[in-house]
Asks: 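Dropping the structure in here first, questions after.
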Protein chains: 2
Amino acid sequence: MQNISFGELFAPARTSAKSLGQGEFLFRQGDPSSSLYTVLAGGVRLVRYTLEGNAVVMHTARPGDSLAEASLFSEIYHCDAEAVLPSIVACYDKGKILAMLREHPEKSLTCIALFARQVRSLRALLEVRSIRSARDRVLHYLLLQADPVTMEMSIPAGSLKAMALKLAMAHETLYRTLANLESEGKINRNASIIKIHH
Amino acid sequence: MQNISFGELFAPARTSAKSLGQGEFLFRQGDPSSSLYTVLAGGVRLVRYTLEGNAVVMHTARPGDSLAEASLFSEIYHCDAEAVLPSIVACYDKGKILAMLREHPEKSLTCIALFARQVRSLRALLEVRSIRSARDRVLHYLLLQADPVTMEMSIPAGSLKAMALKLAMAHETLYRTLANLESEGKINRNASIIKIHH
DNA sequence: CGAGTCGTTGAACGGAATCAATCGTCGTGG
DNA sequence: CCACGACGATTGATTCCGTTCAACGACTCG
């Protein structure tokens, strides 16, 4: 049960994939909810609007993230979902998922485990972001991500910027901080592998 | 099903409450896991240690937060849980919860809804924290928390500091920012109620 | 009444954001 | 096939805003 993914668990309910142009909407606030999604490429932003029309961004889903799980328990979507980049999303039928969960209680447990893991990782990320110093923030994040045995982590090629986004810092700051950590001897970088020394 | 809380859903599995002195451990990494918890008062920090002994804070649970849900699916705890303040936690028996979920599939669905809501709010908080400017960060958070109809939110008395913690900013900055927003006319404060104007 | 804490404001400093420029790589289309 | 554009990675210089340190009044609780 341990490391199954959202996509694997709900594979039977998968319907199709959708391509979205930048700025295109996957769904709008108030639409009847029929599906949940995972982002395969690009980025999709969930925006809620207050009565006065203020926009409140609830989430920006990146590749690998799931989207609109809460719609499982709601008749309508409570947000707009807008592609901030040209994007591809996988779709999963809400009705089929609910039926699956009801018919196969053990799948419900797996699903709970899935969510519990996600909560854990979100909380860990929040904890990272509560660290003020850029240096310590990066170091903490690296320790979090690194393989516990080898103390290495691989940077998904071409995406130090994505990492900067996760860390909520300017990408320039991340480059500089990594360079400093390396000259301090705290880490090593060859190609796309970062090794941490203690 | 909608707005039930963790405590309500799992009330039948509740065992006792534990008091912890500051610095006391609720459990240690590697202990067999028997319970999950919610924090009633104080604060409990989850810390994982790497092989080299580096500490990685995974989460700091505050009053209202649940704790160690992931232990439902693990034989042991993977973190130390240490009280950072004198604390009280409510305990829920893991075995009873699992049994409940297996026997009452509809409770599993409720539990999933519970987690989905939590994921949503964690993601919203992450989104808030990705806003650099203190002013916009506070404003975004207020819009997020305010009652959609009245555009008001009440500050749980004596806890602007707790709010500053959530926003990951120095509490002095929060005071100043609120003062500025008020003099800008964006918000009003009387007693413990903040009203947002658009 | 004193200790502790929250809320508030002031002043100064420091570090991260920002603006900017360069280099390398990759993909695309002429 | 090469020129061009786009984008990631990197480094420099400057600005600015949030942190930090500090002090004070108000309030609560023992």
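Within every chain, numbering begins at 1; the chains are lettered A, B, ... in the order of the sequence lines, protein sequences first and strands thereafter.
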Asks: Can you give me the closest heavy-atom contact between A:S5 and A:L114, atom names plus distance?
Replies: C-CD1, 3.9 Å
Asks: With the side chain of B:A170 defined as its heavy atoms from C-beta on, choose the nearest nucleotide among D:dG18, D:dT20, D:dA9.
Replies: D:dT20
Asks: Base, sugar-phosphate, or nothing: which does A:R132 touch, judged by heavy atoms less than 4.0 Å apart?
Replies: sugar-phosphate
Asks: Figure out the CD/P separation between B:E172 and D:dA22, and round it to whole Å.
Replies: 12 Å
Asks: Please determine whether any donor N or O and acceptor N or O are separated by less than 3.5 Å between the side chain of B:R176 and the base of C:dG10.
Replies: yes
Asks: Whether B:R102 and A:E106 form a salt bridge (side-chain N of Lys/Arg under 4.0 Å from carboxylate O of Asp/Glu) is what I want to check.
Replies: no
Asks: Should we count CZ of B:R135 as having more than 12 external heavy atoms under 6.0 Å?
Replies: yes
Asks: Starting at atom CG of A:D136, determine the distance to atom P of D:dT19, rounded to an integer number of angstrom.
Replies: 15 Å
Asks: Test your reading of the model: is there a side-chain donor-acceptor pair from B:R48 to the backbone of B:C79, 3.5 Å cut-off?
Replies: no
Asks: Just the rounded figure in Å: distance from P of D:dT20 to CE of B:M169.
Replies: 13 Å
Asks: Rounded to the nearest 0.5 Å, how far apart are CD of A:E152 and CG of A:N190?
Replies: 8.0 Å
Asks: Is the phosphate of C:dA16 approached by A:T173 (side-chain N or O, under 4.0 Å from OP1 or OP2)?
Replies: no
Asks: Tell me which one of A:Y37, A:F115, A:Y92 satisfies ring pair (Phe, Tyr, Trp, His ring centres under 6.0 Å) with A:F6.
Replies: A:Y92
Asks: Give the rounded distance in Å between these two atoms: NZ of B:K161 and P of C:dT5.
Replies: 8 Å
Asks: State which residue, out of B:R117, B:R120, B:R123, fulfils the salt bridge (Lys or Arg N to Asp or Glu O under 4.0 Å) condition with A:E69.
Replies: B:R123
Asks: Rounding to an integer number of Å, can you tell me how far B:L165 CG sits from C:dG7 P?
Replies: 12 Å
Asks: Round to the nearest Å and state the distance from A:L178 atom CG to D:dG8 atom C1'.
Replies: 14 Å
Asks: Over all strands shown, is A:R137 touching base, sugar-phosphate only, or nothing at heavy-atom distances under 4.0 angstrom?
Replies: nothing
Asks: Rounded to whole angstroms, how far apart are CD1 on B:I131 and C1' on D:dG18?
Replies: 16 Å
Asks: Roughly, in whole Å, what's the span from OH in B:Y175 to C1' in D:dC24?
Replies: 14 Å
Asks: Between the opening five pairs and the closing five pairs of the helix from C:dC1-D:dG30 to C:dG30-D:dC1, how far apart are the helix axes, to 10°?
Replies: 40°
